[in-house]
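Since the structure comes first, as structure tokens, the remarks are kept for the end.
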There are 2 protein chains.
Amino acid sequence: MGLTKTENFTDQQNELATIAKAIGHPARVAILQHLLRVDACICGDLVAEIPLAQPTISRHLQELKAVGIIKGSISGTSVNYCIDATRWREVQNQLNGLFDTYVSDQDCNC
Amino acid sequence: MGLTKTENFTDQQNELATIAKAIGHPARVAILQHLLRVDACICGDLVAEIPLAQPTISRHLQELKAVGIIKGSISGTSVNYCIDATRWREVQNQLNGLFDTYVSDQDCNC
DNA sequence: ATTATTTATCGTAATATTGCAATATACTAA
DNA sequence: TTAGTATATTGCAATATTACGATAAATAAT
């Protein structure tokens, strides 16, 4: 069917999944890493950095924007993209919320 | 095309994406949360907990197992699943490796 | 006005994912 | 051996994702 049954899960579970899914593509990881590395707003030189066609990169950018971890602002004919600081930390906390649930003494002997 | 061009990216980028993708489904988040909550090996009562058909849950379990964050051991006619402690921390570190790259003073005014 | 530049959107093709019913497999119990 | 129980696999059908060429839209430069 290809259709995820989101109604069966909690908002938190769906949100966590949506976030993870957004990061779940190497091109989007590469985009995030580039935005982090240049530590500034960056225009569309992502197309030069990442070996994918311009429309494809544009799509990946939209997907990252959809979950709020990056934002873009128009500057003349180009667009400046950057990490959304607040959302970035929020997302990190939400992921760590899942990972920190694990306590070491619950190691089983499977 | 539907085919991710993994050859264009580094191993690290691909691995990070693969991990995130595995977590990127609410059913798999629910499975992980359940495994964490019961803080022990758990037999396949996941089917009772999560409102999806048994084959569907089995598939999600295989996907989580494929990235190594859970492991299963046969115990008679049932299977015990649990978090793989080492891999769990490894994955958390890898994700935090990405998120910690962000330093607050790089806030741009987009 | 025309042209160039940059980014987004549309249309399309190919592959992937999700989900379930049916079935297979593998062990347990009688 | 036969029946029961638990999990995995197979075989679909439907939807989603990925990617790219073509094109649109919007500004900048001449």
Name the closest nucleotide to the [X] side chain, picking from [options].
{"X": "A:Tyr81", "options": "C:dA8, C:dA26, D:dC20", "result": "C:dA8"}
{"X": "B:Val79", "options": "C:dG19, D:dA6, D:dA8", "result": "D:dA8"}
{"X": "A:Leu52", "options": "D:dT18, D:dC20, C:dT9", "result": "D:dC20"}
{"X": "A:Thr4", "options": "D:dC20, C:dA8, C:dT18", "result": "C:dT18"}
{"X": "A:His25", "options": "C:dA8, D:dA19, D:dA8", "result": "D:dA19"}
{"X": "B:Pro55", "options": "D:dC20, C:dC20, D:dA6", "result": "C:dC20"}

Between atom [atom1] in [X] and atom [atom2] in [N], what is the gap in whole Å?
{"X": "B:Gln62", "N": "C:dT17", "atom1": "CD", "atom2": "P", "result": "15 Å"}
{"X": "A:Phe9", "N": "C:dT18", "atom1": "CZ", "atom2": "C1'", "result": "11 Å"}
{"X": "A:Asn80", "N": "D:dT27", "atom1": "CG", "atom2": "P", "result": "15 Å"}
{"X": "A:Leu61", "N": "C:dT7", "atom1": "CG", "atom2": "P", "result": "9 Å"}
{"X": "B:Ile57", "N": "C:dC20", "atom1": "CD1", "atom2": "C1'", "result": "12 Å"}
{"X": "A:Lys65", "N": "C:dT7", "atom1": "NZ", "atom2": "C1'", "result": "10 Å"}
{"X": "B:Arg28", "N": "C:dG19", "atom1": "CZ", "atom2": "P", "result": "9 Å"}
{"X": "A:Ile70", "N": "C:dT7", "atom1": "CD1", "atom2": "P", "result": "13 Å"}

Sugar-phosphate only, base, or nothing, as touched by A:Ser58 at under 4.0 Å among non-hydrogen atoms: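 If one applies the 4.0 Å heavy-atom cut-off, A:Ser58 turns out to touch a base.
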Residue mapping more 5' on DNA chain C - nearest nucleotide basis, A:Val47 or B:Gly24: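 Nearest nucleotide further toward 5': that of A:Val47.
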First encountered from the 5' end of DNA chain C, between A:Lys5 and B:Lys21: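 Comparing both residues, the 5'-ward one is B:Lys21.
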Residue-phosphate contact under 4.0 Å: B:His60 side-chain N/O, C:dT17 OP1/OP2: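 Looking at the OP1 and OP2 atoms of C:dT17, neither is under 4.0 Å from any side-chain N or O of B:His60.
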Which atom of B:Leu52 lies closest to which atom of B:Thr56, heavy atoms considered: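 Looking at all heavy atoms of both residues, the closest pair is CD1-CG2, 4.1 Å.
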B:Thr77 (side chain) and D:dT5 (base): donor-acceptor pair under 3.5 Å: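 Yes, the side chain and the base share a sub-3.5 Å donor-acceptor pair.
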Base D:dA6 paired with B:Gln54 side chain (donor-acceptor, <3.5 Å):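 Donor-acceptor pair under 3.5 Å: no.
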Tell me whether [X] contacts the main-chain N or O of [Y] through its side chain, where contact means a donor paired with an acceptor under 3.5 Å.
{"X": "B:Asp45", "Y": "B:Ala48", "value": "no"}
{"X": "A:Asn96", "Y": "A:Phe99", "value": "no"}
{"X": "A:Asp84", "Y": "A:Ile70", "value": "no"}

Any donor-acceptor N or O pair under 3.5 Å, side chains B:Gln33, A:Gln12: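 Checked: B:Gln33/A:Gln12 side chains pair up, N/O donor to acceptor below 3.5 Å.
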